Amino acid sequence: MATERDLYAVLGVGRDASDAEIKRAFRRLAQQWHPDVNQEAAASVRFKEINEAYQVLSDPQRRQAYDMFGTTGAPGDGGFAGGFGNFSDIFDAFFGGTQAGTRRGHPLAGADLRYDLRITLEEAVRGVEKEIEFPVLARCETCSGSGAKPGSEPITCEQCGGRGEIRSTRRTMLGQMVNVSTCPRCQGEGKTITEPCETCRGDGRTERRRSLRVTIPPGIDEGHQIRLSNEGEVGPRGGPPGSLYVAVHVAPHPSLRREGTELAYDADVSIAQAALGTRITVPTVEGEEEIEIKAGTQPGTEIRLRGRGVPHLRRAGSRGDLHVFVNVIVPAKLSKRQREILAEYAAEAGEEVAPPGNGGILDKVRDALG
Ligand SMILES: [Zn+2]
Ligand SMILES: [Zn+2]
């Protein structure tokens, strides 16, 4: 095949079609051209083409590449990339959607769990191990998860013969349509229980508390999730376990602000300290640190403590900086003596300032007191 057909034309949509429009078009065409339905010789070729166009246009990255370069990004690009990749979309197109992850004739998988874990900024920077404890549906020990009373066995479902699904075929204008639905008797598991276990009442699971050690890597940020596969709920009657997602929350630090790998601190100094220079202590995640404020430091000056920020999560050994922003505070209240000295400073610098006592009655009261 020397020329590629335009993928949008294959699906019969415009180049500005939304994801939903693309999906709708794909479903409609897949139903029309599926070789099980359409007996025409060209049907399977056409169906393959439709499916391949959908694989590209339903993937935002591949669609963008196709829009920009007019190719599907396959190596050599002699044809379409992908092939019959996404079975669930084809399945969806025919049966109007099914529960994700359902494998008929097998026990259902257990649910994923989420655990919210709070840590401090210091822990996020250094990394930490945390012991967490949570309730979980675990395998029933009485029946080892089968749900059947010890001594009895689950039996093959009579209604579906263990397949977990009921198929019916009907003739339509387009040819034979096969309808597949989950067996109502065994809920797709393929087995039924005659004598349920008394501990778990046939579910195969009991609620227990589980404790786990979770390793939090250095550099983790608010909202990150750590996935622990197989630590979620087990499925009913021996179904495989889901995952545990530990959602990490980093408590705000009282004085350090974080943005990714960078930390920021606002350091207040007086006009005299900024003009004459001083040493101040700043908080870091490793404790207080003394830094120098040079004579003549301007408001907003940034002093960067390299490598005192947050480690990169995915680049070992690389760490952000701590940015200290100098805030020069102008005193709002002055003693009589301070005002005299400042007035003297202004006179020496040839600067015009308000005459003393201009502050009105309050200043006079303060003068009297001070
Ligand atoms: Zn049991
Ligand atoms: Zn059944």
Side-chain angles (χ1 to χ4, degrees), residues 27 30-31 34-37 84 86-115 131-172 175-214 227-246:
R27 281 188 180 204
Q31 285 182 351
H34 194 287
D36 283 359
V37 174
F84 282 75
N86 201 337
F87 176 76
S88 75
D89 279 329
I90 294 179
F91 197 87
D92 255 23
F94 280 84
F95 309 116
T98 182
Q99 200 188 336
T102 300
R103 295 176 306 145
R104 294 204 158 89
H106 294 278
L108 295 168
D112 293 334
L113 295 179
R114 176 194 162 101
Y115 185 95
E131 182 97 24
I132 62 169
E133 203 189 294
F134 55 98
V136 66
L137 282 174
R139 201 141 286 163
C140 171
E141 281 165 350
T142 308
C143 63
S144 309
S146 74
K149 195 172 180 172
S152 77
E153 290 279 329
I155 58 160
T156 302
C157 174
E158 290 164 4
Q159 193 162 339
C160 63
R163 283 187 306 277
E165 59 185 28
I166 309 285
R167 279 169 180 271
S168 55
T169 309
R170 68 199 157 88
R171 298 203 66 82
T172 70
Q176 276 195 351
M177 275 294 258
V178 182
N179 187 50
V180 182
S181 56
T182 303
C183 171
R185 186 173 174 135
C186 64
Q187 263 86 47
E189 291 177 33
K191 287 190 164 146
T192 53
I193 284 160
T194 44
E195 282 184 274
C197 163
E198 279 162 11
T199 309
C200 63
R201 288 192 221 78
D203 184 52
R205 307 179 289 182
T206 52
E207 189 170 309
R208 253 172 281 160
R209 291 196 77 75
R210 180 181 295 160
S211 57
L212 273 181
R213 285 194 81 74
V214 184
R227 179 179 176 212
L228 301 173
S229 44
N230 300 328
E231 298 291 355
E233 285 182 357
V234 299
R237 288 167 291 282
S243 297
L244 171 69
Y245 290 88
V246 178

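Whatever order the structure lists them in is the order used to number ligands and atoms, beginning at 1. Owing to the predicted nature of the structure, the values given are computational and were not obtained by experimental measurement.
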If you look at every heavy atom in Ser243 and Ser229, which pair is closest and at what distance? OG-CA, 3.6 Å

Arg167 bridged to Glu165 by N-O distance under 4.0 Å: yes

Cationic N near anionic O, under 4.0 Å, Arg201 to Asp203: no

Near the Zn ion (ligand 1), meaning under 2.8 Å, the protein N/O/S atoms are Cys140 SG, Cys143 SG, Cys197 SG, Cys200 SG

Do the side chains of Glu231 and Leu212 get nearer than 4.5 Å, heavy atoms only? yes

Work out which heavy atom in Ala148 is nearest to a heavy atom in Cys143; give both atom names and the distance. O-CB, 3.3 Å

How close do Cys183 and Cys157 get, counting heavy atoms only, and between which atoms? SG-SG, 3.7 Å

For residues Leu244 and Asp112, determine if any side-chain heavy atom of one lies less than 4.5 Å from a side-chain heavy atom of the other. no

Quick check: closest heavy atoms across Pro154 and Ile193, and the distance to 0.1 Å? CB-CG1, 4.2 Å

Among the protein atoms near the Zn ion (ligand 2), how many are N, O or S and lie under 2.8 Å away? 4

Would you call Glu233 and Arg210 a salt bridge, using N to O less than 4.0 angstrom? no

